[in-house]
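Below: one structure, written as structure tokens.
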2 protein chains.
Amino acid sequence: MVEKLIRHIQGIVALSSEEIDIIKSLVKEREVPRKKFLHQAGEIPYYSAFVVEGCLRSYTVDRNGFEHILQFAPENWWISDMYSVVKNQPSILYIDALIDSKVLLLSRSCQLSLFDSIPKLERYFRILTENALASSNQRTINYLSLSAKERYERFCEMYPSLIHTIPQKSVASYIGITPEFLSKLRAERIKV
Amino acid sequence: MVEKLIRHIQGIVALSSEEIDIIKSLVKEREVPRKKFLHQAGEIPYYSAFVVEGCLRSYTVDRNGFEHILQFAPENWWISDMYSVVKNQPSILYIDALIDSKVLLLSRSCQLSLFDSIPKLERYFRILTENALASSNQRTINYLSLSAKERYERFCEMYPSLIHTIPQKSVASYIGITPEFLSKLRAERIKV
DNA sequence: CGTATTTCTTAACTTACATTAAGAATTAGA
DNA sequence: TCTAATTCTTAATGTAAGTTAAGAAATACG
């Protein structure tokens with residue numbers, strides 16, 4: 001399992017075998033069955049999770065009980081509550097598994113000590129965070145400038161594999177519309 | 001001018017005087033008068049800018065000619081087009097000055113070489129990028145779960161100083177509504 | 001395999017926000 | 001200081017997307 005993470009890191013920075021051993025010793029394996037939580041709102045999140053197998057998601061629940069999905073994390077993605085980790089505040093995010101999944105957990109304190117012992121890992125995470133920020137900015141721009149229909153089309157282009165993996169209502173929750181309205185958009189699309 | 005940047009960096013990581021000299025040698029001073037561009041859509045952006053004085057913003061223009069503001073950068077903030085820098089693609093963002101401003105420019109290639117010569121700077125930017133991602137995620141959640149009125153109230157809480165510095169229409173553009181509707185919300189608010 | 005649960009669709013009705021337009025207030029800068 | 005340009009407000013009208021509800025389809029799982 002850890003090999004998958006090591007390969008992912010090596011795709012960005014080279015590691016010696018001693019460094020690989022250090023990483024292996026600090027990371028914990030964990031299974032997350034479908035619908036089980038890795039993390040719940042209100043807790044202070046200590047971990048980032050690397051998805052080895054399956055797919056997780058992070059989301060909030062608003063005062064009316066509606067879920068709003070912030071992130072999907074398929075294989076080879078990291079997922080965490082960056083806001084809580086950075087501000088050291090209780091989380092408003094839930095993280096759970098959409099399908100039976102396996103993850104590797106890295107606590108924030110281990111991560112910070114890794115940055116000291118293996119500076120290349122600070123580079124690895126710096127690059128990942130830059131990419132995540134670029135994507136997040138793009139999502140904000142889409143929100144500000146596109147209609148619901150256009151956001152759906154972008155989603156289909158960007159995550160073609162997810163379309164067939166996750167329920168429609170999760171797509172709706174990610175692009176910020178109701179499942180009923182998404183259903184309507186899809187019906188129109190087929191008609192034309 | 002550069003002293004302001006050095007102080008900002010030292011607020012996060014300690015620097016030796018040799019390191020300070022290296023940074024000083026790589027950074028370029030530049031004035032950006034009100035309404036002048038630092039960067040335009042279509043160009044490949046080579047620089048990140050640190051705002052020493054004034055206030056810049058980044059924004060897109062949609063096909064109907066409407067502006068959508070991605071970021072405000074008051075004093076002591078960095079601004080860049082992370083998407084283009086990371087993906088190395090032509091930008092869809094414009095960056096200009098809201099008021100007469102002074103900035104320090106750091107090219108991506110200088111930044112990357114600084115990461116090798118002064119690893120502490122990789123930490124500095126890793127931390128800034130984590131913070132920016134946390135804020136961006138929060139903004140996405142606000143978008144998904146709050147009404148226009150609530151988003152305006154959050155904006156007032158988060159950027160109290162900007163409210164009096166920038167035009168209303170820029171606030172509207174940032175929170176994703178028309179200036180007319182913001183005007184209406186404000187009128188209702190005063191009434192109650 | 002069959003039942004319960006979840007998800008998806010359709011349709012009538014509602015609402016939050018956009019559009020258009022025109023005048024008032026503010027600000028820029030010659 | 002004066003005029004032009006920009007920004008802000010108000011109000012009538014339009015529409016994209018939400019709400020409610022009820023049945024159909026798909027999926028989970030005992």
Side-chain angles (χ1 to χ4, degrees), chain A residues 33-36 54-55 57 59 61-69 96-101 142-156 162-192, chain B residues 32-36 54-55 57 59 61-69 72 96-101 142-156 162-192:
Chain A
R34 187 176 128 84
K35 296 203 176 179
K36 292 291 180 206
C55 188
R57 62 163 184 167
Y59 65 97
V61 178
D62 69 25
R63 80 178 74 87
N64 303 312
F66 289 108
E67 295 176 1
H68 303 281
I69 297 180
D96 69 5
L98 289 167
I99 49 178
D100 292 345
S101 303
N142 286 347
Y143 236 102
L144 294 172
S145 59
L146 300 181
S147 67
K149 188 180 190 171
E150 289 166 323
R151 273 179 275 138
Y152 176 62
E153 282 159 4
R154 289 284 170 93
F155 186 92
C156 294
L162 279 184
I163 293 290
H164 307 291
T165 321
I166 65 177
Q168 299 285 340
K169 64 166 199 164
S170 294
V171 177
S173 164
Y174 185 90
I175 64 176
I177 59 175
T178 58
E180 293 85 353
F181 191 61
L182 178 55
S183 190
K184 198 176 187 177
L185 291 179
R186 284 166 49 80
E188 278 172 26
R189 231 185 161 202
I190 292 160
K191 222 183 295 166
V192 180
Chain B
V32 190
R34 188 177 127 83
K35 296 205 177 177
K36 293 292 179 206
C55 187
R57 63 163 184 168
Y59 64 97
V61 177
D62 69 25
R63 80 178 73 86
N64 302 314
F66 289 108
E67 294 176 2
H68 303 281
I69 297 180
F72 295 109
D96 68 6
L98 289 168
I99 48 179
D100 292 346
S101 303
N142 285 348
Y143 235 103
L144 294 173
S145 59
L146 300 182
S147 68
K149 188 180 190 170
E150 290 166 322
R151 273 179 275 139
Y152 176 62
E153 282 160 4
R154 290 283 170 94
F155 187 92
C156 293
L162 279 183
I163 293 291
H164 307 291
T165 322
I166 66 177
Q168 298 285 340
K169 64 165 200 165
S170 295
V171 177
S173 165
Y174 184 91
I175 64 177
I177 60 175
T178 58
E180 292 86 354
F181 191 61
L182 178 55
S183 191
K184 199 175 184 177
L185 291 179
R186 285 166 47 80
E188 279 172 27
R189 231 184 161 204
I190 292 160
K191 221 182 295 167
V192 179

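Order of the sequence lines fixes the chain letters, A, B, ..., with proteins taken first and strands second; residue numbering starts at 1 for each chain.
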*asked:* Please encode protein proximity along nucleotides 21-30 of chain C as a string of B, S and -, counting only heavy-atom distances under 4.0 Å.
replied: B------S--
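In this structure a side-chain-to-backbone donor-acceptor pair under 3.5 Å is missing from B:Ser170 to B:Gln168. No side-chain donor-acceptor contact under 3.5 Å links A:Tyr174 to the backbone of A:Lys169. Looking at A:Ser173, its side chain never comes within 3.5 Å of a backbone N or O of A:Val171 through a donor-acceptor pair.
Listed nucleotides: D:dG18, C:dA18, D:dT19. Nearest to the side chain of B:Phe181: C:dA18. Nearest nucleotide to the side chain of B:Ser183, out of C:dT19, C:dC8, D:dT10: D:dT10. Checked against D:dC8, C:dT10, C:dT19, the side chain of B:Lys169 finds its nearest nucleotide in D:dC8.
Classification of B:Arg57 and B:Asp96 as a salt-bridged pair holds, one side-chain N sitting under 4.0 Å from a carboxylate O.
The separation between A:Ile177 atom CD1 and C:dA16 atom P is 19 Å, rounded to whole Å. Taking atom CG on B:Leu98 and atom C1' on D:dT6, their separation rounds to 14 Å, with Å as the unit. In this structure, A:His164 atom NE2 and D:dA26 atom C1' are separated by 17 Å, rounded to whole Å. The nearest whole Å value for the distance from the NZ atom in B:Lys184 to the P atom in C:dT20 is 16 Å. Separating the OH atom of B:Tyr143 from the C1' atom of D:dA17 is a distance of 14 Å, rounded to the nearest angstrom. Atom pair A:Gln168:CD and D:dA25:P shows a separation of 16 Å (rounding to whole Å applied). Rounding to whole angstrom units, CG of residue A:Leu182 and C1' of C:dT7 are separated by 12 Å. Taking atom CG of residue A:Leu185 and atom P of nucleotide C:dT9, one finds them 11 Å apart after rounding to whole Å.
Within a heavy-atom distance below 4.0 Å of DNA chain C, the residues of residues 146-155 of chain B found are B:Ser147, B:Ala148.
In this view, B:Phe181 and B:Ala148, B:Ile177, B:Thr178, B:Lys184, B:Leu185 satisfy the side-chain contact (heavy atoms from CB on, under 4.5 Å) rule, not counting sequence neighbours. Qualifying side-chain contact (heavy atoms from CB on, under 4.5 Å) partners for A:Asp62, counting only residues two or more places apart in sequence or in other chains: A:Asn64, A:Phe66, A:His68, B:Ser145. Under the rule for a salt bridge (charged side-chain N to carboxylate O under 4.0 Å, His left out), A:Arg151 has no partner lying at least two apart in sequence or in another chain. By the salt bridge (charged side-chain N to carboxylate O under 4.0 Å, His left out) test, A:Glu150 is found to be paired with B:Arg63, residues two or more places apart in sequence or in another chain being considered.
Annotation: side chain of B:Pro33 is in contact with side chain of B:Lys36 (closest heavy-atom distance under 4.5 Å).
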